[in-house]
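Any value given below was found using the heavy atoms of this structure, including those in side chains, with hydrogens, waters and symmetry copies removed.
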Amino acid sequence: MRFSDKIVVVTGAGSGIGAATARRFSEEGAILLLVGRTESKLEETAREMDADRTHIIVADIAAEGDAERIVTAADDLGGIDVLVNNAGIAVGGTIENVTVGNWQRQIDVNLTGTFRMTKAAWPALKARRGNIVNVSSVSGLGGDWEMFAYNASKGGVSNMTRALALDGAKDGVRVNAVNPSFTASGMTTKMVGNEETIRKFSERMPLGAPADPAAIAAVIAFLASEDARFVTGVNLPVDGGLMASNGQPA
Ligand SMILES: NC(=O)c1ccc[n+]([C@@H]2O[C@H](COP(=O)([O-])OP(=O)(O)OC[C@H]3O[C@@H](n4cnc5c(N)ncnc54)[C@H](O)[C@@H]3O)[C@@H](O)[C@H]2O)c1
């Protein structure tokens, strides 16, 4: 019960890693504000959680004014102790076929959306000496084939995490990131159903692929907790050992 009566905001809480994270914080006693674009998905996540301590808000982190609306809703609950910037999308493709529009949407959601939420929540986090956990990716620490736009967005999130940790320290605001590899979620439904993809990832992830979203949620909860009170500015791979390799094949 590390989060008893702590107020935790989770973006993209309607599925995958965000839903698992919401469940984990709820199990540990938190008051939750679940953020997402689709009410029915948020309700689905909330269904298994303590109704008195679970709140939802339909919002788009990339839309003008929505981050402020989310923070106002959190303030009505008492403030923010933990912000989990989890919502994200993945635009695939090479430089030859990603359009300016697709690039813009990728950056708007993953990078500017994280910025908008962080900027809006910062005064509330300062007031309660709270912390942020960003859901970046191993794709923010190195490149993927045919994912350069996603890589650029997550690289931005990872380095923004480090820099904000420096700025936040004087106010007691910690900022960390987790860096998952292939995890079973809405984003990877097709990959999870493809035997060849599973085989290839299993060769690179010594602990096995794909990860269960709950395994990512557990590390998010650790970074957000008092157990990590002297940890800030880290990008922590939660990748089954993928980043341990120098890239050479077995
Ligand atoms: N699944 C993986 O393999 C993997 C690996 C590394 C990092 N990640 C990251 O994990 C995070 C969660 O993704 P997931 O894997 O659980 O996939 P997911 O698609 O199940 O979850 C993403 C959630 O974010 C929501 N969302 C997207 N854009 C939004 C917006 N503008 N405003 C509000 N909500 C929005 C989606 O509706 C969805 O519920 C993402 O940031 C993703 O990049 C995923």
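- Listed by chain and residue number, nothing satisfies the salt bridge (Lys or Arg N to Asp or Glu O under 4.0 Å) test with D108 (two or more places apart in sequence, or in another chain).
- Listed by first then second residue, pairs satisfying salt bridge (Lys or Arg N to Asp or Glu O under 4.0 Å) with a partner in residues 1-10 read R2-E28, R2-D227, D5-R53, not counting sequence neighbours.
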Show me, pair by pair, the donor-acceptor contacts under 3.5 angstrom made by side chains of residues 161-175, not counting sequence neighbours?
unit_1	atom_1	unit_2	atom_2	d
T161	OG1	N134	ND2	3.0
T161	OG1	V157	O	2.7
R162	NH1	N159	OD1	3.0
K170	NZ	D167	O	3.3
R174	NH1	L223	O	2.9
R174	NH1	A228	O	2.8
R174	NH1	V231	O	3.0
R174	NH2	L223	O	3.0
R174	NH2	S225	O	3.2

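- Of all heavy-atom pairs spanning A74 and L33, the tightest one is N-CD2, 3.8 Å.
- For the side chain to side chain contact (heavy atoms under 4.5 Å, CB included) test, residues two or more places apart in sequence or in another chain that qualify with A218 are R24.
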Compile the donor-acceptor pairs under 3.5 Å between side chains in residues 201-209 and protein atoms, sequence neighbours left out, one pair per line.
unit_1	atom_1	unit_2	atom_2	d
S202	OG	I198	O	2.7
E203	OE2	R199	NH1	2.8
R204	NH1	G247	O	3.0

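- Counting heavy atoms from C-beta outward, Q106 and N102 have side chains that stay 4.5 Å or more apart.
- Separation of atoms CZ (R105) and CD1 (I89) is listed at 5.5 Å; rounding is to 0.5 Å.
- Applying the side chain to side chain contact (heavy atoms under 4.5 Å, CB included) rule to D212 yields the partners A214; only residues at least two apart in sequence or on another chain are considered.
- The side chain to side chain contact (heavy atoms under 4.5 Å, CB included) check on T189 picks up nothing, with sequence neighbours excluded.
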Name every donor-acceptor pair, under 3.5 Å, that has one atom in a side chain of residues 7-20 and the other anywhere in the protein, sequence neighbours excluded.
unit_1	atom_1	unit_2	atom_2	d
T11	OG1	V84	O	3.4
T11	OG1	N86	N	2.9
T11	OG1	A87	N	2.9

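- Closest heavy-atom contact between A224 and V82: CB-CG1, 3.7 Å.
- The main-chain N or O of G193 is never found under 3.5 Å from a side-chain atom of T197 such that the two would form a donor-acceptor pair.
- A single hydrophobic cluster is seen to contain both I80 and I132, as judged by linkage of ILVMFWY side chains at heavy-atom distances under 4.5 Å, directly or through other members.
- The backbone N or O of S185 lies less than 3.5 Å from a partner atom in the side chain of T188, making a donor-acceptor pair.
- Between M160 and T114, the closest heavy-atom pair is CE-CG2, 3.4 Å.
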Taking distance alone, no hydrogens or angles, what donor-acceptor pairs closer than 3.5 Å link side-chain atoms of residues 145-152 to residues at least two apart or in another chain?
unit_1	atom_1	unit_2	atom_2	d
N151	OD1	D144	N	3.0
N151	ND2	S139	O	2.9
N151	ND2	D144	OD2	2.9

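- Inter-residue side-chain proximity for L242 and P237 is flagged as unmet; no heavy-atom pair is nearer than 4.5 Å.
- Of the charged side-chain nitrogens involved, none lies within less than 4.0 Å of a carboxylate oxygen, so that E44 and K41 do not count as a salt-bridged pair.
- The shortest heavy-atom contact between G88 and V109 is CA-CG1, 4.1 Å.
- Judged purely by atom type and a 3.5 angstrom limit, N110 has no side-chain atom pairing as donor or acceptor with the backbone of S153.
- At most 12 non-hydrogen atoms from other residues, nucleotides or ligands lie less than 6.0 angstrom from CD of E64.
- For residues 119-131, the set of pairs meeting the side-chain hydrogen bond (donor to acceptor under 3.5 Å, both in side chains) definition, not counting sequence neighbours, comprises D81-R128.
- E226 is linked by a salt bridge (Lys or Arg N to Asp or Glu O under 4.0 Å) to nothing, counting only residues two or more places apart in sequence or in another chain.
- At a threshold of 4.5 Å between non-hydrogen side-chain atoms, the residues N179 and D239 do not count as touching.
- Partners of R229 according to the salt bridge (Lys or Arg N to Asp or Glu O under 4.0 Å) rule, which considers only residues two or more places apart in sequence or in another chain, do not exist here.
- Between V234 and N176, the shortest heavy-atom distance links the atoms N-OD1, 3.0 Å.
- Proximity of E43 to L34: side-chain heavy atoms (C-beta onward) are nowhere separated by under 4.5 Å.
- Separation of atoms CG (L42) and OG1 (T54) is listed at 11.5 Å; rounding is to 0.5 Å.
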